[in-house]
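Everything below concerns the one structure shown next.
Worth knowing before you read on, the calculation uses all heavy atoms, side chains too, and leaves out hydrogens, waters and symmetry mates. Computed from a predicted model, the values in this text were never measured in an experiment.
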Amino acid sequence: MPMLPEEKARVKIDKQLRNAGWDIVARNEYLPNSTSAVKEALMGGNTESDYLLFIDGKAIAVVEAKREENPLGDEVKKQAEDYAVSPQDWYGFNYCH
């Protein structure tokens, strides 16, 4: 069965994150105080970000993956910003306004 575009994007992004030194884990495998990229991190409002990056137990960045043909306009920017201000409380997100 051929891979869906989202699956192809994840393979590419996973490789890029690993090459940059990130350990990629599922959200149920996240260990506090680790340096990890959590896939499909649960956010506020029962939504999921594609990746939530942690250093020393603090969520420092949201990565929202889109298809290559997506122009990454205002809609995507708003989605990523909404995720950045609505993580689960236990993530310890270090958001700066």
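Looking at I60 and L53, their side chains come closer than 4.5 Å, going by heavy atoms from C-beta outward.
Between the CZ atom of R10 and the CG atom of L17 there is a distance of 11.0 Å, given to the nearest 0.5 Å. The distance from atom CD of E7 to atom CG of D14, rounded to the nearest 0.5 Å, is 11.5 Å.
Hydrophobic clustering (side-chain heavy atoms under 4.5 Å, transitive across Ile, Leu, Val, Met, Phe, Trp, Tyr) groups I55 together with Y51.
For D56, there are no salt bridge (charged side-chain N to carboxylate O under 4.0 Å, His left out) partners, not counting sequence neighbours. With sequence neighbours excluded, the residues satisfying salt bridge (charged side-chain N to carboxylate O under 4.0 Å, His left out) with K12 are E68. Taking the side chain to side chain contact (heavy atoms under 4.5 Å, CB included) definition, one finds that D23 meets it with nothing, sequence neighbours left out.
When all heavy atoms of S36 and V25 are compared, the closest pair comes out as CB-CG2, 4.1 Å. Smallest separation of non-hydrogen atoms from A37 and W22: N-CE3, 4.0 Å. Contact between R27 and V38 at its shortest, heavy atoms only, is CA-CG1, 3.4 Å.
For CG of N19, the number of neighbouring non-hydrogen atoms (other residues, nucleotides, ligands) closer than 6.0 Å is greater than 12.
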